[in-house]
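Read the structure below first, then the notes.
We're numbering straight along the sequence, starting at 1.
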Amino acid sequence: MLTARQLCCERDERVLFQNLSFELREGQILQIQGSNGSGKTTLLRILCGLNDNYLGELIWRGETMADNREDFLGSLLYLGHRVGVNKILSPLENLRWTCNIHAATTDAQINQALAALGLRGYESTPCYTLSAGQQQRVSLARLMISHASLWVLDEPFTTLDISGVLDLEELMAKHVAAGGSVLVTTHHKLSVRTGLGVINLDRHGSGN
């Protein structure tokens with residue numbers, strides 16, 4: 001599905017990673033590990049087209065990213081390490097806006113996703129009154145609504161409690177079981193085992 005060849009990236013005259021190559025297949029979770037400052041978020045932003053400060057080649061479904069960008073973006077759901085909700089709006093209002101950008105989404109679909117993630121009764125509550133973990137769940141509800149085949153998740157377990165962690169791992173497992181793919185950065189030890197691969201950026205730093 002997604003192939004990276006000989007990626008290299010520098011920041012502030014320091015090599016974050018080099019000689020980095022990998023393949024992400026359908027039905028696979030690829031966990032990106034590394035110490036703080038190793039370039040995990042930078043790598044995800046490169047893969048999603050949000051950072052062009054790199055060398056190397058990206059291939060999407062057998063074609064160069066430049067030649068297949070539209071199909072790639074149409075298949076992508078990216079959740080950054082920030083929660084990504086407007087705190088003045090309610091969970092329902094937030095998801096109406098973000099989900100309908102990509103496909104027509106009903107309030108019933110949104111409410112079902114929110115309920116599945118433990119937010120029943122909070123649909124119309126301003127997000128600034130919710131805890132950090134609840135706000136994270138609002139953002140993660142997009143995973144249940146989206147039809148994207150590739151999920152790119154940057155530290156999605158941050159602020160989640162134990163039940164939230166289990167809910168997210170179940171979502172990831174169901175997604176790859178249906179043929180989807182997940183790229184995820186996290187310090188959390190994933191209990192998902194089917195189709196799990198690991199990239200450690202510390203092994204591709206300037207000292208290696």
Using a cut-off of 6.0 Å, state whether more than 12 heavy atoms not belonging to Gln112 lie near its atom CD.
no
Please check if the side chain of Ser75 supplies one atom and the backbone of Ser149 the other of a donor-acceptor pair under 3.5 Å.
no
Mind checking ring pair (Phe, Tyr, Trp, His ring centres under 6.0 Å) for Phe72 and listing every partner two or more places apart, or none if nothing turns up?
Trp60
Starting from the C-alpha separation in whole Å, work towards a yes-or-no answer on side chain to side chain contact (heavy atoms under 4.5 Å, CB included) for Arg137 and Asp161.
CA-CA 10 Å; Arg137 288 169 181 262; Asp161 57 17; 2.9 Å; yes
Tell me, do Val184 and Leu190 make a side-chain contact under 4.5 Å, heavy atoms counted?
yes
Work out which heavy atom in Leu150 is nearest to a heavy atom in His175; give both atom names and the distance.
N-NE2, 4.4 Å
Which residues pass the side-chain hydrogen bond (donor to acceptor under 3.5 Å, both in side chains) test with His188, sequence neighbours left out?
Glu169
Mind running side chain to side chain contact (heavy atoms under 4.5 Å, CB included) on Cys127 and Leu89 for me, showing each step along the way?
CA-CA 6 Å; Cys127 283; Leu89 301 179; 5.8 Å; no
Can you confirm whether Glu57 is buried at CD, in the sense that more than 12 heavy atoms of other residues, nucleotides or ligands lie under 6.0 Å from that atom?
yes
Within-4.5 Å side-chain heavy-atom neighbours: Leu30 and Val198:
no
Carboxylate-amine/guanidinium contact Glu155 Arg82, below 4.0 Å:
no
Would you give the length of the straight line joining atom CG of Leu7 to atom OG of Ser21, rounded to the nearest 0.5 angstrom?
6.5 Å
Between Gly121 and Glu123, which heavy-atom pair has the shortest distance, and what is it?
N-OE1, 2.9 Å
Check the hydrophobic clustering (I, L, V, M, F, W, Y; side-chain heavy atoms under 4.5 Å; chains of links allowed) and say if Ile32 and Leu24 are grouped together.
yes
Distance in Å, Leu168 CG paired with Thr186 OG1, rounded so as to fall on 0.5 Å steps:
8.5 Å
What one should report as the nearest heavy-atom pair of Thr105 and Cys99 is OG1-CB, 3.6 Å
Are side-chain N/O atoms of Thr42 and Arg11 paired as donor and acceptor at under 3.5 Å?
yes
Under a 4.5 Å side-chain heavy-atom rule over Ile, Leu, Val, Met, Phe, Trp and Tyr, are Ile29 and Met144 clustered together?
yes
Please check if the number of heavy atoms outside Arg61 that lie under 6.0 Å from its CZ is greater than 12.
yes
Under 3.5 Å: donor-acceptor pair, side chain of Gln28, backbone of Arg25
yes
Could you walk me through whether Leu55 and Gln6 satisfy the side chain to side chain contact (heavy atoms under 4.5 Å, CB included) test, starting with their C-alpha distance in whole Å, then the side-chain angles of each, then the deciding distance to 0.1 Å, before giving a yes or no?
CA-CA 8 Å; Leu55 298 174; Gln6 296 297 308; over 6 Å; no
Looking at Arg96 and Asp107, is there a salt bridge between them, counting it only when a charged N and a carboxylate O are closer than 4.0 Å?
yes
Could you check whether any side-chain N or O of Ser146 sits under 3.5 Å from a backbone N or O of Arg142, counting only pairs where one atom can act as donor and the other as acceptor?
no
Verify the cluster assignment for Leu43 and Leu2: are they in a single hydrophobic cluster under the rule of side-chain heavy atoms below 4.5 Å apart?
yes
Arg69 CZ to Glu63 CD distance, which is reported to the nearest 0.5 Å
13.0 Å
Supply the atom-to-atom distance Gln134 CD to Leu160 CG, rounded to the nearest 0.5 angstrom.
11.0 Å
So, do His187 and Asn36 sit near enough that their side-chain heavy atoms are less than 4.5 Å apart?
yes
Within the supplied structure, the quantity of interest is the number of heavy atoms (other residues, nucleotides, ligands) at a distance under 6.0 Å from Tyr122 OH; does it exceed 12?
no
Transitively linked via ILVMFWY side-chain contacts under 4.5 Å: Leu79 with Phe157?
yes
Does Gln136 use its side chain to pair, donor to acceptor, with the backbone of Pro156 at less than 3.5 Å?
yes
Find out if a path of hydrophobic residues (ILVMFWY) with successive side-chain heavy-atom gaps under 4.5 Å connects Val85 to Trp151.
no
Salt bridge or not for Glu10 and Arg14, using N-O below 4.0 Å?
no
Look only at the side chain of Ser38 and the backbone of Leu201, and say whether a donor-acceptor pair between them is shorter than 3.5 Å.
no
Supply the atom-to-atom distance Leu16 CG to Cys8 SG, rounded to the nearest 0.5 angstrom.
9.0 Å
If only atom types and distance count, is the side chain of Asn94 paired as donor or acceptor with the main-chain N or O of Ser90 below 3.5 Å?
yes
Verify, without hydrogens or angle tests, whether Gln135 (side chain) and Leu130 (backbone) share a donor-acceptor contact under 3.5 angstrom.
yes
When you measure from the side chain of Lys40 to the backbone N and O of Gly34, does any donor-acceptor pair fall under 3.5 Å?
yes
Where do Leu95 and Leu114 land on the side chain to side chain contact (heavy atoms under 4.5 Å, CB included) test, with the steps shown first?
CA-CA 10 Å; Leu95 294 172; Leu114 291 171; 3.6 Å; yes
Point-to-point distance, once rounded to the nearest 0.5 Å, from CD1 of Ile88 to OH of Tyr128
8.5 Å
Under 4.5 Å between any side-chain heavy atoms of Thr3 and Leu58, yes or no?
no
Side chains of Leu44 and Thr185, heavy atoms from C-beta outward: is any pair under 4.5 Å?
yes
